[in-house]
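Quick notes on the structure that follows.
Since this is a predicted model, take the numbers as computed values, not measurements. A note on names: the letters A, B, ... follow the listed sequences, proteins ahead of strands, and every chain is numbered from 1. Computed from heavy atoms alone, side chains included, the values below leave out hydrogens, waters and symmetry copies.
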Protein chains: 2
Amino acid sequence: MFENKSYGTVLPLPANNETSYFDESWTEDDLKQIIRKMNLKVTPQRILILQTLHEGRVHITAQELYEKVQKINSDVGFATVYRFLKGMAESRVVTELRMGSMPTRYELTPKKHHDHMTCTDCGKIVEFQNKNIEDLQEKVARQYGFKLTHHVLELYGICTSCQMKK
Amino acid sequence: MFENKSYGTVLPLPANNETSYFDESWTEDDLKQIIRKMNLKVTPQRILILQTLHEGRVHITAQELYEKVQKINSDVGFATVYRFLKGMAESRVVTELRMGSMPTRYELTPKKHHDHMTCTDCGKIVEFQNKNIEDLQEKVARQYGFKLTHHVLELYGICTSCQMKK
DNA sequence: CTAGAAATGATAATCATTTTCAATTAGAAA
DNA sequence: TTTCTAATTGAAAATGATTATCATTTCTAG
Ligand SMILES: [Mn+2]
Ligand SMILES: [Mn+2]
Ligand SMILES: [Zn+2]
Ligand SMILES: [Zn+2]
């Protein structure tokens with residue numbers, strides 16, 4: 001399974017997974033606003049990291065993001081990338097994705113919540129929304145007296161093209 | 001079997017939550033059979049590890065299991081515990097539970113699949129089954145041409161008693 | 001401007017998990 | 001039962017992602 005592939009190498013995410021789903025473009029002022037909203041000082045590093053995250057592929061690892069940022073400004077340390085990513089996760093600007101034992105992946109928190117379905121052969125990730133499932137989750141929580149804060153739903157299987165390869 | 005019942009905790013580990021949900025008791029022969037079925041040699045270490053896992057609390061970490069086993073036979077190394085646990089996970093004898101960034105927890109794979117709802121305050125874990133959700137997952141997979149192999153569904157929230165503490 | 005809190009980044013530390021490898025052992029065959 | 005050998009073991013080292021340290025630099029409120 002792709003979960004056993006060595007660390008450091010980029011997962012074979014197909015090109016269509018590398019497009020950002022954020023249609024809107026962000027100006028430097030937008031970026032600064034976002035940083036200020038999390039009560040952090042605006043620094044060139046944070047602007048660059050956030051910008052790169054926004055422009056780049058979704059579901060990126062801290063390491064991948066660090067490498068991308070490095071190519072633009074080699075003065076950015078990976079500690080800063082990890083730190084900022086962690087901060088953004090805390091303030092919900094980004095969402096952490098922990099799939100299996102692989103390094104954590106990040107995506108800018110989308111306006112509308114979605115879950116993920118991953119092909120265990122090629123690593124393709126499909127995003128989906130299903131209100132019925134979300135409603136049922138609430139129902140389960142209610143049955144046990146829980147007040148839900150969040151959830152993790154990941155589907156794993158074989159995608160169409162990988163099925164045909166066999 | 002474990003419907004409407006909560007088992008184990010992740011964080012505080014109260015003693016009264018250490019009951020196994022496996023009603024059946026396993027004889028040494030049962031243990032040996034299970035090990036042989038995964039095409040592994042029967043060793044005293046593996047018997048002890050499996051037995052301890054069966055008797056102990058569900059949702060246990062490798063480290064916790066190692067410590068329990070140590071008390072009975074200090075000749076068992078933690079590499080063996082990790083290795084055997086990993087092997088059992090591969091042959092589906094145990095199920096891995098990766099919650100957030102905490103160390104992996106293990107449980108003997110139950111006859112009937114269940115998912116987990118965790119209190120983020122006290123760590124209480126509630127196991128639940130919901131056929132509707134499972135069906136909807138299949139439906140989603142079908143929509144995208146995926147052939148599902150497994151899934152991860154974790155609900156997080158505040159349990160009843162933790163809600164009252166506020 | 002300036003002060004001082006916040007941020008940075010090189011480096012070391014953490015920590016769960018995996019690997020290595022020499023010594024031991026299970027268990028099939030003789 | 002004895003032999004043989006591949007599988008297993010455990011101590012220790014390695015790994016890899018992530019986090020902490022801390023001396024230095026940089027924001028930004030005033
Ligand atoms: Mn996504
Ligand atoms: Mn369980
Ligand atoms: Zn695929
Ligand atoms: Zn609670």
For B:Thr61 and for A:Asp75, find the nucleotide of DNA chain C with the closest heavy atom, then tell me which residue's nucleotide is more 5'. A:Asp75

Whole-Å distance between C:dT8 P and A:Asn73 CG? 12 Å

By the definition side chain to side chain donor-acceptor pair (under 3.5 Å), identify the one residue from B:His59, B:Glu64, B:His116 that meets it with B:Arg105. B:Glu64

Nearest-Å distance for atom pair CG/C1', residues B:Leu97 and C:dA16: 16 Å

Validation row, ring centre A:His113 to ring centre A:His151 under 6.0 Å: yes

Within the distance-only criterion (no hydrogens, no angle test), does the side chain of B:Thr118 pair as donor or acceptor with the backbone N or O of B:Ile125 below 3.5 angstrom? no

With sequence neighbours excluded, residues passing side-chain hydrogen bond (donor to acceptor under 3.5 Å, both in side chains) with A:Asp135: A:Lys131

Nearest-nucleotide pick for B:Tyr82, side chain only, options being C:dG9, C:dT17, D:dT18: C:dT17

Rounded to whole Å, the CG-P distance (B:Leu85 to C:dT17) equals 9 Å

Rounded to the nearest Å, what distance is computed from the CE atom of residue B:Met102 to the P atom of nucleotide D:dT18? 17 Å

At under 4.0 Å between heavy atoms, what does A:Thr104 touch on the DNA or RNA strands: base, sugar-phosphate, or nothing? sugar-phosphate

Heavy atoms within less than 4.0 Å of DNA chain D: which residues of residues 34-47 of chain B have one? Give them sorted by number. B:Leu40, B:Lys41, B:Thr43, B:Gln45, B:Arg46

Got a list of side-chain donor-acceptor pairs under 3.5 Å for residues 69-84 of chain B, not counting sequence neighbours?
| from | atom 1 | to | atom 2 | distance (Å) |
| --- | --- | --- | --- | --- |
| B:Gln70 | NE2 | B:Tyr66 | OH | 3.3 |
| B:Gln70 | NE2 | B:Ser74 | O | 3.4 |
| B:Gln70 | NE2 | B:Val76 | O | 2.8 |
| B:Asn73 | OD1 | B:Asp75 | N | 2.8 |

Output side-chain donor-acceptor pairs under 3.5 Å for residues 29-43 of chain A, partner residues at least two apart or in another chain, one line each.
| from | atom 1 | to | atom 2 | distance (Å) |
| --- | --- | --- | --- | --- |
| A:Asp30 | OD2 | A:Thr27 | N | 2.8 |
| A:Asp30 | OD2 | A:Thr27 | OG1 | 3.2 |
| A:Thr43 | OG1 | A:Arg46 | N | 3.1 |

Is any NZ, NE, NH1 or NH2 atom of the basic residue among A:Arg92 and A:Glu90 found under 4.0 Å from an Asp or Glu carboxylate oxygen of the other? no

Whole angstrom value for the distance that separates P of C:dC15 from CZ of B:Phe78: 14 Å

Rounded to the nearest Å, what distance is computed from the CD atom of residue A:Glu67 to the P atom of nucleotide D:dA17? 10 Å

Please pick, from D:dG10, D:dT18, D:dT21, the nucleotide with the shortest atom-to-atom distance to any side-chain atom of A:Arg83. D:dT21

To the nearest 0.5 Å, what is the distance between CZ (B:Phe146) and CE (A:Met117)? 4.5 Å

Let me know the distance between OH of B:Tyr106 and P of C:dA16, rounded to the nearest Å. 12 Å

Which residues share a side-chain contact (heavy atoms from CB on, under 4.5 Å) with A:Gln129, sequence neighbours left out: A:Lys112, A:His114

Nearest whole Å is fine: how far is C:dA16 C1' from B:Glu64 CD? 13 Å

Could you pick out which residue, A:Lys86 or B:Val76, lies toward the 5' side of DNA chain D when each is mapped onto its nearest nucleotide? B:Val76

Using the C1' atoms of five pairs at each end, what's the angle between the two axes of the helix from C:dC1-D:dG30 to C:dA30-D:dT1, to 10 degrees? 40°

